[in-house]
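See below for the structure under consideration.
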Amino acid sequence: MSEIIDALNMLEKEKNISKEEMIMSIENAIRSACEKDFGKDGVEVNMDRETGDIKVFANMVVVEEIQDPHTDILLENARHIDPDYQVGEEVRSEVTTKDFGRIAAQKARGIILQNIKEKEKAAVYEYFKTKEKEIITGIVQRYVGYNLSVSLDDRTDTILSAKEMIPGERYRIGDRIKLYVVEVKKNDKGGFRIVTSRTHPDLVRKLFEREVAEISDGTVEIKSISREAGSRSKLAVWSNDPDVDAVGACVGLNSNRINNVVDDLGGEKIDVIEWDENPAIFIQNSLRPSPVVSVDVYDDEKFARVVVPDEKLSLAIGKEGQNARLAARLTGYKIDIKSESQAAEEDQYYEEYYEDKEEEYITDESIDAAVEEVGDVSDTEETETSEDAE
C-alpha cells in the first residue's frame, strides 16, 4: 500500500491537496463499505500514515459456534485477545480479510480521483473569484446561438452573452479579447458560472488602470464614467498632485495611452475631461469639445441650464443627443442646453412677462386708491350741500 502514500505525497506537493484530508476520506469510504457487513455501530478504520496499511476493527460477539462470520468470534479466538472473555461478551477485533487489500486499494483510488476533481474545481473557482471586478483575457472558441463561448484557460470557458458584447464588434475564432469579470457565482450543482462583459463601464476604468501608472499608484483618480459601449465614453479624472496633469497622464505621449485603450474597445471614442468640485465647472468640462458661454446650477433640483454659442449648439448636444446624455450621466445633473439666441429670447420673454405682471399689480392698486378717493370726495360734497341748505 506504500504506493498510495507516495501518490498522496505527490498530490499534496503538486496540487496542494491535503494528504491528511485524503487519508480521512479513504478511511470514511472504507468504513461505509464495511457497515453493510458489520453494522453501523462500532466499525473503526485506521490507515497508517507512513506505510498506507489499513486495518478494520469491529465489535464481535463471543460464541461457541459461529453463526455469522461478520459478527461472531469463537471463544478460543477471543481468549487469544484476552483470556478472561466469556461467551456472550463483545470483543473489539480486527476483521481485515485476505481480499481487503484489493478492496481498500479500489476505494483509495476512487477517493483520490474524486478529491483531485473537487480540489481542482475549488482551486479554479477560488482563482476566478479573485478576478472578480478585474479584466481577464480569453480566446474566442465558437458562437453559441447569439452568444459567444470564450476559453479562459485549458479547463475553463465562459459564455459572453449577446447583450454584453460591444455593438458592431465582430469576433473571429481564435481572437484574443479582454473581458470584465462582473461576478463569479456557484450554482446548485456544485459548479460555478463566470459572468463577463464587454459593455460594462468599469471595463474602461480597468483598462486605464492598466495603461496609466499614475492611476495605478493613486496619483490620478477616476471620479466617474459614462459610457455607450461601441460608440463613446466620457471619463472624469482628477489629480491629487498639482504637478501632475490628470488629463495629460491619461492621454499619454502622442496619445499612446488612450489609443491603446481605444484599440482594446474596438475603436470606441473616449473623452477624458477634468473633474472639478464646482458643479458648474465640472458640467462645463463634461460638454467638451463644445465651448460653453455660461452655466447656471440649481443644486436642490440637480439641474443645470447651459448656454453655448449659436454655431456650437449641435456640437454640445451631439448626434442624437449623445454628448448631452453622456455629460448628464457623468455629472449626475439634468442639463438643459440653449444657444445664446435661444437663451436671449427666453430671457426677453420672461422679462416682458414679469413687467406685465408688475403693471397689472400697479393698476389694481391704483383702482383701489381711486375708489377710496372718489368715496372721500362724495362725502365732502354731500356735507357742503347740507350746510348750504341750512
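Quick caveat: nothing in here was measured; it's all calculated off a predicted structure. In what follows, residues are counted from 1 in the order of the sequence shown.
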side-chain hydrogen bond (donor to acceptor under 3.5 Å, both in side chains) partners for Asn278, two or more places apart: none
Is there side-chain contact between Arg227 and Glu268, with at least one heavy-atom pair below 4.5 Å? yes
Quick one: are Tyr333 and Asp299 in side-chain contact, heavy atoms under 4.5 Å? yes
Is there a path from Phe303 to Ile335 through hydrophobic residues (I, L, V, M, F, W, Y) whose side chains come within less than 4.5 Å of each other? no
Straight-line distance of Tyr180 OH to Lys131 NZ, nearest 0.5 Å: 13.5 Å
For residues Thr219 and Glu214, is any side-chain donor paired with an opposing acceptor at under 3.5 Å? no
Neighbour count >12 (heavy atoms, 6.0 Å) for atom CD, Glu311: yes
Determine, using the 4.5 Å side-chain heavy-atom cutoff (strictly less than), whether Leu326 and Trp275 are members of one ILVMFWY cluster. no
Can you tell me if NZ on Lys312 sees more than 12 non-hydrogen neighbours from other groups inside 6.0 Å? no
Is there a donor-acceptor contact under 3.5 Å from the side chain of Glu27 to the main chain of Met47? yes
Which salt bridge (charged side-chain N to carboxylate O under 4.0 Å, His left out) pairs, counting each pair once, include a residue from residues 136-157, with sequence neighbours left out? none
Is Ile173 reachable from Leu152 through a run of hydrophobic residues whose side-chain heavy atoms are each under 4.5 Å from the next? yes
Does any part of the side chain of Glu20, heavy atoms only, come nearer than 4.5 Å to the side chain of Glu12, both counted from C-beta? no
Residues two or more places apart in sequence or in another chain: which of them pass side-chain hydrogen bond (donor to acceptor under 3.5 Å, both in side chains) with Gln322? Glu228, Ser231
Rounded to the nearest 0.5 Å, what's the gap from CZ on Arg198 to CD on Glu164? Could you check? 11.5 Å
For residues 239-254, which residue pairs qualify under side chain to side chain donor-acceptor pair (under 3.5 Å), counting only residues two or more places apart or in two chains? none
Kindly write out the residues that satisfy salt bridge (Lys or Arg N to Asp or Glu O under 4.0 Å) with Glu274, not counting sequence neighbours, or none if the list is empty. none
Quick one: do Arg232 and Asp271 satisfy salt bridge (charged side-chain N to carboxylate O under 4.0 Å, His left out)? Show the steps, please. CA-CA 8 Å; Arg232 196 180 202 93; Asp271 298 331; 2.7 Å; yes
Holding to salt bridge (Lys or Arg N to Asp or Glu O under 4.0 Å), I want the full list of residues that pass it with Glu211, two or more places apart in sequence or in another chain. none
Distance-only, no hydrogens or angles: does the Asn260 side chain make a donor-acceptor pair with backbone N or O of Asn256 under 3.5 Å? yes
Less than 4.5 Å apart, any side-chain heavy atom of Ile5 and any of Lys19? yes
Using the salt bridge (charged side-chain N to carboxylate O under 4.0 Å, His left out) rule, collect all pairs that involve residues 216-225, keeping only residues at least two apart or in two chains. Glu221-Lys223
Audit row: Leu203, Ser197, side chain to side chain contact (heavy atoms under 4.5 Å, CB included) steps and yes/no: CA-CA 8 Å; Leu203 175 62; Ser197 174; over 6 Å; no
Side chains of Ser216 and Glu209 only: does a donor on one sit below 3.5 Å from an acceptor on the other? no
Looking only at heavy atoms, what is the nearest atom pair of Ile166 and Gly230, with distance? CG2-CA, 3.3 Å
Decide if atom NZ of Lys269 counts as having more than 12 heavy atoms of other residues, nucleotides or ligands within a radius under 6.0 Å. no
Test item: Ile23 and Arg49 side chains (from C-beta on) under 4.5 Å apart, heavy atoms: yes
Let me confirm one number: the CZ-CD distance from Phe128 to Glu134, rounded to the nearest 0.5 Å. 13.0 Å
Can you establish whether the number of heavy atoms outside Glu65 located under 6.0 Å from its atom CD is more than 12? no
Are the side chain of Asn147 and the backbone N or O of Ala162 linked by a donor-acceptor pair below 3.5 Å? yes
Is there a side-chain contact between Phe208 and Ile258, using heavy atoms and a 4.5 Å cut-off? yes
Mind checking what makes side-chain hydrogen bond (donor to acceptor under 3.5 Å, both in side chains) contact with Asp336, not counting sequence neighbours? none
Do any N or O atoms from the side chain of Glu132 and from the backbone of Val184 form a donor-acceptor pair under 3.5 angstrom? yes
Does Ile337 form a side chain to side chain contact (heavy atoms under 4.5 Å, CB included) with Leu287? I'd like the steps, not just the answer. CA-CA 10 Å; Ile337 303 175; Leu287 287 169; 3.8 Å; yes
In a check of side chain to side chain contact (heavy atoms under 4.5 Å, CB included) between Thr196 and each of Leu160, Ile159, Val182, Ile135, which one passes? Leu160
Same apolar cluster: Val251 and Val237, side chain cutoff 4.5 Å: yes
With sequence neighbours left out, what residues match Tyr125 under ring pair (Phe, Tyr, Trp, His ring centres under 6.0 Å)? Phe192
Run the side chain to side chain contact (heavy atoms under 4.5 Å, CB included) test against Ser294 and tell me which residues pass, sequence neighbours left out. Val307
Check the hydrophobic clustering (I, L, V, M, F, W, Y; side-chain heavy atoms under 4.5 Å; chains of links allowed) and say if Val244 and Val212 are grouped together. yes
Are the side chains of Ile222 and Leu235 in touch, meaning some heavy atoms are under 4.5 Å apart? yes
Quick check: do Thr158 and Val181 have side-chain heavy atoms less than 4.5 Å from each other? no
Evaluate side chain to side chain contact (heavy atoms under 4.5 Å, CB included) for Arg210 paired with Lys178, printing each intermediate quantity in order. CA-CA 12 Å; Arg210 286 187 171 192; Lys178 290 183 172 67; 3.6 Å; yes
Check against side chain to side chain contact (heavy atoms under 4.5 Å, CB included), Val62 and Arg79: CA-CA 9 Å; Val62 179; Arg79 287 180 173 175; over 6 Å; no
Over all atoms of both residues, closest heavy-atom pair of Ser149 and Val144: CB-CG2, 4.0 Å
Mind running salt bridge (charged side-chain N to carboxylate O under 4.0 Å, His left out) on Glu118 and Lys121 for me, showing each step along the way? CA-CA 5 Å; Glu118 290 178 354; Lys121 185 185 295 184; over 6 Å; no
Quick one: side chain to side chain contact (heavy atoms under 4.5 Å, CB included) partners of Ser224, sequence neighbours excluded? Ala236, Phe282, Leu330
The side-chain hydrogen bond (donor to acceptor under 3.5 Å, both in side chains) partners of Ser341 (sequence neighbours excluded) come to Asp310, Ser339
Lys334 NZ: over 12 foreign heavy atoms closer than 6.0 Å: no
Would you say Lys234's side chain and Ser286's backbone share a donor-acceptor pair under 3.5 angstrom? yes
For the side chain to side chain contact (heavy atoms under 4.5 Å, CB included) test, which of Val220, Val272, Asn285 pairs with Val247? Val272
